[in-house]
Amino acid sequence: MSIKAEEISALIKQQIQNYQSEIEVKDVGTVIQVGDGIARVHGLDNIMAGELVEFSNGVMGMAQNLEESNVGIVILGPYKDIREGDDVKRTGRIMEVPVGEELIGRIVNPLGQPVDGLGPILTSKTRPIESEAPGVMDRKSVHEPLQTGIKAIDALIPIGRGQRELIIGDRQTGKTSVAIDTILNQKDQDMICIYVAIGQKESTVRGVVETLRKHGALDYTIVVTASASQPAPLLYLAPYAGVTMGEEFMYNGKHVLVVYDDLSKQAAAYRELSLLLRRPPGREAFPGDVFYLHSRLLERAAKLSDEKGGGSITALPFVETQAGDISAYIPTNVISITDGQIFLQSDLFFSGVRPAVNAGLSVSRVGGSAQIKAMKKVAGTLRLDLASYRELEAFAQFGSDLDQATQSKLNRGARTVEVLKQDLNKPLKVEKQVAILYALTRGYLDDVAIADVKRFEAELFLYIEENHKGLFDTISQTGNMPADEEWKTAIEGFKRTFAPSN
């Protein structure tokens with residue numbers, strides 16, 4: 001077959017006519033080393049700290065160490081298919097997550113991808129996971145209560161909207177239960193809740209989700225989960241993803257509650273990451289910036305000023321202690337960042353006092369400004385009563401011949417402990433808490449047998465609902481305390497009908 005020169009020249013002319021000059025510059029690097037979820041990449045000279053990159057198999061990574069000859073990148077997903085010599089593309093984007101109303105009721109991973117099998121989440125907005133906390137002038141002091149529905153907390157260690165209250169204790173002391181009850185109590189309170197599960201078993205997270213679903217709390221809750229089987233970078237990112245989703249609502253004037261369960265596991269994941277990136281270790285092998293890891297997260301919780309819309313993020317970070325040691329490295333770090341702590345003690349938990357709140361070591365640095373007036377009035381002496389009871393309890397074990405004043409203090413203390421006990425997943429409205437605490441502090445329970453206290457409480461609520469509903473309405477609508485005469489009439493009327501058990 002002969003080749004005709006005029007055909008070839010016609011083809012070449014056609015190609016030249018249709019040619020469009022386009023110069024495309026792509027910043028592409030090469031993997032020089034990979035292992036343990038970390039890739040070292042050469043050739044990405046202009047990359048930003050925290051920038052997202054894409055590996056040739058579609059897995060994303062995040063730039064962490066910017067070194068002279070290479071970049072240390074943490075791989076956000078499976079890294080088994082990434083090989084030495086693979087291409088790595090810059091995306092030009094800082095790590096971000098989808099945000100918005102569409103996420104409510106869904107379970108997502110720290111990248112904002114759904115893991116609940118309910119299809120894709122169609123959001124139009126994203127926010128970078130690292131953002132600056134509101135400045136001094138953009139904030140307002142905490143003044144609105146966040147009702148947890150737990151008597152021991154609302155009375156002794158009140159939490160306000162925009163506060164950061166640490167929940168600290170050994171494993172299996174009921175920390176997660178406190179958070180779940182608080183979320184359940186936000187129903188009809190115009191509050192969006194975000195539960196961030198870090199390094200937990202997937203079965204545990206499933207249990208939490210089912211509890212929320214059963215009580216209808218999933219309608220206003222987002223669950224962010226990075227389970228124990230996920231790579232360390234995802235555990236490290238999970239809390240930042242959670243607070244970023246919350247910030248979208250806060251800056252639109254809404255109120256958000258974010259629960260980080262728990263930050264000890266996040267710190268351990270960050271330690272693993274830092275050691276693999278060859279960063280120098282410090283105390284307990286944590287990197288030097290482990291304080292900054294938590295401070296830049298928790299400072300993003302705030303009560304915004306009215307000019308900024310008045311929204312708020314309330315943070316409930318969890319820290320797990322070993323054998324009740326709250327003076328260890330991570331616990332002391334987080335205690336110094338937060339506005340108080342709720343210490344759950346295993347001794348109390350195993351002796352049947354649940355929630356196992358140690359009133360002596362727990363504190364709220366916001367205090368009475370996070371309580372309604374009625375609660376402030378009845379709970380004023382409660383902490384002192386409880387502290388003196390615990391002190392006397394230790395002495396009372398050594399001798400039985402106690403004077404009358406000591407005996408009555410012990411009796412009141414035992415009833416206080418009994419009243420502050422509460423069943424799981426049964427948060428109590430604030431007006432009911434005020435009613436039972438009023439009866440307790442004014443001595444109406446002193447002659448009720450300890451075994452009857454729980455029944456007394458339940459029947460008192462029913463009696464007030466039916467005969468003196470105005471008491472509850474006054475507290476729930478105005479936050480003020482009804483007149484003592486009304487209380488006296490109601491409680492004395494009820495006591496005449498209350499039959500002690502034999």
Side-chain angles (χ1 to χ4, degrees), residues 101 103-106 140-155 157-165 167 176-196 208-209 211-223 242-243 245-261 301-304 306 309-316 339 342 355 364 366 368-376 379 422-435 437 461 465 472-480:
E101 303 268 350
L103 288 156
I104 296 173
R106 301 297 299 268
K140 193 177 181 183
S141 57
V142 176
H143 64 279
E144 303 164 288
L146 181 140
Q147 305 294 350
T148 65
I150 300 166
K151 288 174 283 191
I153 294 175
D154 289 346
I157 318 129
I159 300 173
R161 291 184 175 185
Q163 190 176 345
R164 298 149 303 174
E165 183 79 13
I167 297 175
T176 304
S177 305
V178 168
I180 292 171
D181 284 2
T182 305
I183 292 173
L184 298 185
N185 199 50
Q186 301 316 309
K187 201 170 193 170
D188 309 320
Q189 299 290 315
D190 190 28
M191 178 80 78
I192 292 155
C193 301
I194 300 171
Y195 179 78
V196 185
V208 170
V209 170
T211 305
L212 295 175
R213 183 174 283 127
K214 191 170 77 181
H215 292 86
L218 218 51
D219 302 342
Y220 52 86
T221 304
I222 303 169
V223 178
V243 76
M245 291 168 190
E247 277 177 338
E248 174 66 19
F249 298 114
M250 175 175 78
Y251 287 114
N252 286 322
K254 295 183 179 169
H255 299 287
V256 187
L257 169 70
V258 189
V259 176
Y260 307 111
D261 190 2
K303 167 72 183 148
L304 291 182
D306 295 338
S312 70
I313 288 181
T314 310
L316 291 184
D339 309 314
I342 296 167
S364 170
V366 171
S369 49
Q371 278 176 320
I372 60 169
K373 285 178 183 164
M375 180 60 91
K376 219 183 290 190
Q422 203 164 329
D423 292 334
L424 208 55
N425 302 339
K426 288 187 181 166
L428 210 56
K429 291 277 173 248
V430 69
E431 56 268 27
K432 292 186 173 179
Q433 295 184 32
V434 171
L437 291 173
F461 297 155
E465 282 274 2
F472 282 167
D473 293 343
T474 303
I475 297 170
S476 61
Q477 287 161 18
T478 68
N480 292 325

In this structure, CG of L424 is separated from OG1 of T211 (nearest 0.5 Å) by 8.0 Å
Residues A301 and A315: closest non-hydrogen pair is CB-CB, 3.8 Å
Residues at least two apart in sequence or cross-chain that pass side-chain hydrogen bond (donor to acceptor under 3.5 Å, both in side chains) with E144, listed by chain then number, are K303
Would a distance-only check, ignoring hydrogens and angles, find a side-chain to backbone donor-acceptor pair under 3.5 Å from Q433 to L437? no
Nearest heavy-atom contact between V142 and G160 is CG1-CA, 3.5 Å
dist L304:CG -> H255:NE2 (nearest 0.5 Å) comes out at 10.0 Å
d(M375 CE, E431 CD) to nearest 0.5 Å is 10.0 Å
Q. If only atom types and distance count, is the side chain of D154 paired as donor or acceptor with the main-chain N or O of T148 below 3.5 Å?
A. yes
Okay, side chain of Q422, backbone of G149: is any donor-acceptor separation there less than 3.5 Å?
-> yes
For A217 and L184 the tightest heavy-atom approach is CB-CD2, 3.7 Å
Applying side chain to side chain contact (heavy atoms under 4.5 Å, CB included) to A302 and not counting sequence neighbours gives P134, R139
With sequence neighbours left out, the residues meeting side chain to side chain contact (heavy atoms under 4.5 Å, CB included) with N480 are K373, T478
One should read off an interatomic distance between K429 NZ and F461 CZ, to the nearest 0.5 angstrom, of 12.5 Å
Closest non-hydrogen atoms of I222 and L103, given as atom of the first, atom of the second and distance, are CG1-O, 3.6 Å
Applying side chain to side chain contact (heavy atoms under 4.5 Å, CB included) to S369 and not counting sequence neighbours gives V366
Check your understanding: Hey, does the side chain of Q371 reach the backbone of A155 with a donor-acceptor pair shorter than 3.5 angstrom?
Key -> yes
**Prompt:** When you measure from the side chain of E165 to the backbone N and O of S364, does any donor-acceptor pair fall under 3.5 Å?
**Reply:** no
Between I372 and P145 the two heavy atoms that sit nearest each other are CG2-CG, 3.9 Å
Does any non-hydrogen side-chain atom of I167 lie less than 4.5 Å from one of V259? no
side-chain hydrogen bond (donor to acceptor under 3.5 Å, both in side chains) filter on D473, not counting sequence neighbours, yields K469
*For residues Y220 and M191, determine if any side-chain heavy atom of one lies less than 4.5 Å from a side-chain heavy atom of the other.*
no
Hits for side-chain hydrogen bond (donor to acceptor under 3.5 Å, both in side chains) against N185, two or more places apart or cross-chain, chain-then-number order -> none
So, the side chain of T221 versus the backbone of I194: is there a donor-acceptor pair under 3.5 Å, distance only?
no
Mark yes or no for whether Y251, through its side chain, and G309, through its backbone, hold a donor-acceptor pair below 3.5 Å. no
Sorted by chain and residue number, the side chain to side chain contact (heavy atoms under 4.5 Å, CB included) partners of T176 (sequence neighbours excluded) come out as I180, Y195, V208, D261, F318
Would you mind reporting whether N425 and H215 have side-chain heavy atoms less than 4.5 Å apart? yes
Partner of I150 under side-chain contact (heavy atoms from CB on, under 4.5 Å), picked from I159, I157, D181, is D181
Distance col, row C193:SG vs D219:CG, nearest 0.5 angstrom, shows 11.5 Å
Those residues at least two apart in sequence (or on a different chain) that pass side-chain hydrogen bond (donor to acceptor under 3.5 Å, both in side chains) with K140 are D306
Residues at least two apart in sequence or cross-chain that pass salt bridge (charged side-chain N to carboxylate O under 4.0 Å, His left out) with R161, listed by chain then number, are none
In short, salt bridge (Lys or Arg N to Asp or Glu O under 4.0 Å) pairs touching residues 246-259 with sequence neighbours left out are E101-K254, K125-E248, R127-E248, E247-R300
In this structure, CD1 of I104 is separated from CD1 of I192 (nearest 0.5 Å) by 4.5 Å
request  = State, yes or no, whether a side-chain contact exists between K432 and E465 at a heavy-atom distance under 4.5 Å.
outcome  = yes
Any donor-acceptor pair under 3.5 Å linking the side chain of Q186 with the backbone of Q147?
yes
